[in-house]
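Data first, discussion second: the structure below is written as structure tokens.
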2 protein chains.
Amino acid sequence: MREQTQNAFRALADPTRRDIVQLLASQDMTIAQLTEQFDMTRAAVKKHLTVLSDGGLITVEARGRERLNRLEPNGMGPVLDWFSYFDQFWDDRLNNLKEAIERKSK
Amino acid sequence: MREQTQNAFRALADPTRRDIVQLLASQDMTIAQLTEQFDMTRAAVKKHLTVLSDGGLITVEARGRERLNRLEPNGMGPVLDWFSYFDQFWDDRLNNLKEAIERKSK
DNA sequence: TTGACATGATACCTTTTGGTATTATATTTA
DNA sequence: TAAATATAATACCAAAAGGTATCATGTCAA
């Protein structure tokens, strides 16, 4: 599972891919829909999606001739697990994040 | 500050650099000490440290002819901020992390 | 001061990465 | 069925990344 962690971190290293993740957080999208949002070819976007898929961050569902790209809810797991390793350093940060979330959920 | 986020994510994309971060979490180390832990030259380790520094994840303190590399406590800030954007998706994950931390602090 | 030590800087090489262009395949739809 | 649509796959290219070797610089110690 070490490989999965590496692939996930690698997937997040590119700004375009992080943007794709944010877009897919609001709704599932086809390659064509995603490509509209960027200044690059569909082939380039497809490559990014492959990297995101390798990282376990998205899944693809075939719907007729379309393919719906969907964020994988558990995809960030390995990444967040890695961060949780630094309790003594990041506890404060994580607590801030926690509090922000709690504030919103009220 | 968009640049800082990118540099931090980029810094974390390499497994050697993540290992360096983990090593520095336990104690500050010189390049020579870090190099002992890896199968590569000092120059290569130095490059990784430069990337980590660019990402704001470490700072360097000159001590005589040595340079002590130290983890920057707030360095992960931009990265964790980015993750906090996905409340609706990652809340559960973050809550699990939060609970694990709370359990430990008891 | 001279030599050893710790690091910095640079040139160079190979592989990976991010992108395009092009061609192929599968699915609708007129 | 034929044309249009949505995507996949491949070859190719320039730039960035990760590494080594080598040389330069600054500091400590005899």
Side-chain angles (χ1 to χ4, degrees), chain A residues 2-24 27-72 79, chain B residues 2-24 27-72 79:
Chain A
R2 196 84 185 124
E3 187 84 359
Q4 193 71 348
T5 302
Q6 170 55 23
N7 286 343
F9 268 106
R10 184 207 162 209
L12 292 173
D14 183 89
T16 299
R17 287 194 291 268
R18 288 197 304 280
D19 287 345
I20 290 176
V21 168
Q22 291 201 333
L23 287 169
L24 294 182
Q27 63 170 323
D28 301 345
M29 295 175 83
T30 64
I31 291 193
Q33 289 175 313
L34 283 167
T35 303
E36 287 174 15
Q37 307 295 322
F38 299 98
D39 187 26
M40 64 183 71
T41 63
R42 214 182 24 227
V45 173
K46 163 64 177 169
K47 280 196 178 180
H48 284 304
L49 289 172
T50 299
V51 174
L52 286 167
S53 178
D54 289 347
L57 300 184
I58 66 170
T59 55
V60 186
E61 180 191 350
R63 280 182 76 85
R65 65 182 157 184
E66 296 185 339
R67 267 138 191 86
L68 219 47
N69 298 277
R70 165 173 303 135
L71 211 53
E72 169 58 44
V79 174
Chain B
R2 197 84 186 122
E3 188 84 359
Q4 193 71 349
T5 303
Q6 171 54 23
N7 286 343
F9 268 106
R10 183 206 163 208
L12 292 174
D14 183 89
T16 299
R17 288 195 290 267
R18 289 198 304 279
D19 287 345
I20 290 175
V21 168
Q22 293 201 333
L23 287 168
L24 294 182
Q27 62 171 323
D28 302 344
M29 296 175 82
T30 65
I31 290 194
Q33 289 174 313
L34 282 168
T35 303
E36 288 175 13
Q37 306 295 322
F38 298 98
D39 187 27
M40 64 183 72
T41 64
R42 205 166 10 108
V45 173
K46 165 65 177 170
K47 281 196 179 183
H48 284 305
L49 289 173
T50 299
V51 175
L52 286 167
S53 178
D54 290 346
L57 300 184
I58 67 169
T59 56
V60 186
E61 181 191 349
R63 279 181 75 85
R65 63 183 157 181
E66 298 186 339
R67 268 138 191 85
L68 219 48
N69 298 278
R70 165 173 304 136
L71 210 53
E72 168 57 43
V79 174

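Below, chains carry the letters A, B, ... as their sequence lines are ordered, and counting in each starts from 1. None of these values were measured; they are calculated from a predicted model.
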Has A:Arg10 got a side-chain atom pairing as donor or acceptor with B:Ala13's backbone, closer than 3.5 angstrom?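 Pair absent, no side-chain N/O of A:Arg10 close to backbone of B:Ala13.
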Do any N or O atoms from the side chain of A:Gln33 and from the backbone of A:Thr30 form a donor-acceptor pair under 3.5 angstrom?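 A pair under 3.5 Å: yes.
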Find out whether [X] and [Y] are in side-chain contact, i.e. whether some heavy atom of one side chain is under 4.5 Å from a heavy atom of the other.
X	Y	answer
A:Thr35	A:Met40	no
B:Leu12	B:Arg17	no
B:Leu68	B:Val60	no
A:Ile58	A:Glu72	no
A:Leu24	A:Leu34	yes
B:Thr16	B:Val45	no
A:Ile20	A:Phe38	yes

Determine, for nucleotides 15-25 of chain D in 5'-to-3' order, which nucleotides have protein heavy atoms under 4.0 Å from the base (write B), from only the sugar-phosphate (write S), or from neither (write -). --SSBBB----
Between CZ of B:Arg70 and CE of B:Met29, what distance do you get to the nearest 0.5 Å?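 With rounding to 0.5 Å, CZ (B:Arg70) is 13.5 Å from CE (B:Met29).
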Between N or O atoms, less than 3.5 Å apart, protein on one side and nucleotides 28-30 of chain C on the other: list the pairs.
{"unit_1": "C:dT28", "atom_1": "OP1", "unit_2": "A:Arg65", "atom_2": "N", "d": "3.3"}

Give the residues of residues 30-37 of chain A touching DNA chain D, defined as any heavy atom closer than 4.0 Å, sorted by residue number.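 When residues 30-37 of chain A is checked for heavy atoms under 4.0 Å from DNA chain D, the hits, listed by number, are A:Thr30, A:Ile31, A:Ala32.
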Starting at [atom1] of [X] and ending at [atom2] of [N], how long is that distance when rounded to a whole Å?
X	N	atom1	atom2	answer
B:Asp28	C:dA6	CG	P	18 Å
A:Glu61	D:dT7	CD	C1'	15 Å
A:Arg67	C:dT25	CZ	P	14 Å

N or O in side chain of B:Lys46 less than 4.0 angstrom from C:dG8 OP1/OP2: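 The answer is yes; a side-chain N or O of B:Lys46 sits under 4.0 Å from OP1 or OP2.
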